[in-house]
Amino acid sequence: MQTLSKPDESRLWADIEALSAITLPDRPWTRRPFTPLYAQGRAWLKREMKSLGLEVSQDAASNLIGRLPGANPSLPPLMIGSHTDTVTGGGRFDGIAGVIVGLEIVRMISESGIVLDHPLEIVDFTAEEPTDFGVSTVGSRGMVGNLSDTMLGSKDPEGRILSECIAGAGGSPERINDSSRRSGSVAVYLELHIEQGPVLIQAGLPLAVVTGIVGIGRYQITVTGQPDHAGTTPMTMRRDALTAAGELFVKLESICRESYSAPVVGTVGVVNVSPNAANVVPGEVTFRLEVRSVDPALIDTVCERYLSEARRMIESRGLAIRIEELTRSEPVNVSDLILDTLQSNCERTVGKGTEVPRIPSGAGHDGNQLSRIAPIGMIFVPSLGGRSHCPEEWTDIGPIALGAEALARALLELDKKL
Ligand code: HGY
Ligand code: MN
Ligand code: MN
C-alpha cells in the first residue's frame, strides 16, 4: 500500500488564517450563518475544493460538499466535516479547523497516489452554531431528516424565515425531507474539532479520542408582566418581568449545580427585554436556556423540574409565562470499532510515550445528527486555557497537523474495514 504523505503545517495554517480572516472586522472572529460574510467564506471554500479536484455541490439543506470519487462508486461515502459558521466573537478555530483538515486530508491522499475504495465527502455543515432562529446544527439536521417544518418556519428577530435563508444559502428547503440521507447511506462520519475545554491543554497532550457527545435541550421562555413608569410606580404595584425572569436565571443555575449521576450544565445565553428602557418597568422578557448532559434521562428530569418550578414562581408573582421547546439533540456514544481505530491511529501518530486520552464532548456537534444515520467518530486538539467561543480561542498548528495525520490514517483503515 502506498505510504501516506505527511500533512503540510504551513498549508494548514494558511488555510485557517485565510478563512478566519473573513470576519466582522470589529468583532473577531465572527462569521454568522446566512450573512454576506458567511457566503464569502463559503465562496473561498468552494474555490479551494474545486482546486483540489473535488466535485462541489450543495444539498437541499445547503450543506457544502466536496466529493472525491472512490474506486467503488457503489459504496456509501466516508465523510469528514465540520462547520464554517461561528458564534459571535468566537470562531477562530471552532469548526473551521475540522473543515480545513478535511481539505488537507484530500491533498495527502492525492499526493500519495492513494485511491480509496469508498467515495470521500468533505462537508461544511450549514449553521452548526445556535442561530437567531433558535435552531442549531441546521444543515446536519437537514441532511438526516431531522429539521421539522416548525423549525423551517421559525423566524429570527428581523422576521426572516429559516427555510428562506436556507434557500438563499444555496439549498432547496422544499426538497429537504425527500432528499434526506437514510441510515447506511454514509459509511462513517469523522470530525476533528478543538476540545473547547481544559483536559488536553492541562495535560500537555496533543490529541484525544472523543467517547461521546452531550445531548442538549433548548427552550425559549417569555415572562409577561406590565410596563410602567419607573419613577411613579410604587414597588408594591409593579409587575416587573425582568426581576421575575432574574429569579428564573438563578433557579436554573442552582438546579444544575446540584449533583447528579452524570455532569449537568445549564445556561441562559440570550435575553431580550421589552421595552428595554432605563425609565420603564420591563413589561416582557424573552430568554433562551439550554440544559446539557451525556445522560438523556437527566436532561429530561432537570428540564421538567426546572420548567415546572419556573411556571410556579412566575404565576406566584401574578405574571404570565410561555414556554416553548426550541430543539433537542440526543447524546451520542461512539462505537468501539471507531474508538479503537481512532485510538490506535492517534497513538501511532503521536508516538510511543505520549498518551491519547478518551474524553466526552461537553460541546454539541454535527455528529449528534449524523449519528442517526452512520457511525461517528471525533478527535480533539487542545484549546489554549481550555477556552472557546471567545476571541482568545487558540489552538497551535502542531496538534492540528497531528490530528490531520491521525484522522487520515484512521480513514484509510476504515476504508478497508467498512
Ligand atoms: O454549542 C456547542 O456546544 C457547539 O459549540 N456548537
Ligand atoms: Mn461552537
Ligand atoms: Mn463547533
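All values below come from the heavy atoms of this structure, side chains included, with hydrogens, waters and symmetry mates left out. Atoms within a ligand are numbered from 1 in the order they appear, just like the ligands themselves.
- Heavy atoms from other residues, nucleotides or ligands lying under 6.0 Å from NZ of K155 number 12 at most.
- At least one heavy atom of H389 sits under 4.0 Å from some atom of ligand 1.
- A donor-acceptor pair shorter than 3.5 Å can be found between the side chains of R218 and S136.
- Under the 4.0 angstrom criterion for non-hydrogen atoms, H83 is not in contact with ligand 1.
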| message | Applying salt bridge (Lys or Arg N to Asp or Glu O under 4.0 Å) to R67 and E121, what does each step give before you reach the verdict? | response | CA-CA 4 Å; R67 185 181 173 93; E121 292 184 344; 2.7 Å; yes
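- Looking at atom 1 (O) of ligand 1, its nearest protein heavy atom turns out to be R292 NH2, 2.9 Å.
- Residue contacts to the Mn ion (ligand 2): E128 brings no N, O or S atom closer than 2.8 Å.
- Heavy atoms of H193 found under 4.0 angstrom from ligand 1: none, in either backbone or side chain.
- Side chains of R409 and T349: a donor on one and an acceptor on the other come within 3.5 Å.
- The protein non-hydrogen atom at the shortest distance from atom 4 (C) of ligand 1 is G364 O, 3.4 Å.
- Near E128, with a cut-off below 4.0 Å to any heavy atom, the atoms of ligand 1 are 4 (C), 6 (N).
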| said: Using the rule given for salt bridge (Lys or Arg N to Asp or Glu O under 4.0 Å), can you reason through R292 versus E290, listing the C-alpha separation, both sets of side-chain angles and the distance that settles it, and then say yes or no? | reply: CA-CA 7 Å; R292 303 187 185 205; E290 57 160 61; 2.4 Å; yes
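- With rounding to the nearest 0.5 angstrom, the CD1 atom of I166 is 7.0 Å from the OG atom of S163.
- Taking CG of L205 as the reference point, atom CD of E195 lies at 10.0 Å (rounded to 0.5 Å).
- Side-chain polar atoms of S140 and Q369 form no donor-acceptor pair below 3.5 angstrom.
- Vertex the Mn ion (ligand 2); arms to D94 atom OD2 and H389 atom NE2; angle 90° (nearest 10°).
- Residue A363 has at least one heavy-atom neighbour below 4.0 Å for each of these atoms of ligand 1: 3 (O).
- Inclusion of H83 in the first shell of the Mn ion (ligand 2) is not supported: no N, O or S atom falls under 2.8 Å.
- Using a cut-off of 2.8 Å, one finds that H193 contributes an N/O/S atom close to the Mn ion (ligand 3).
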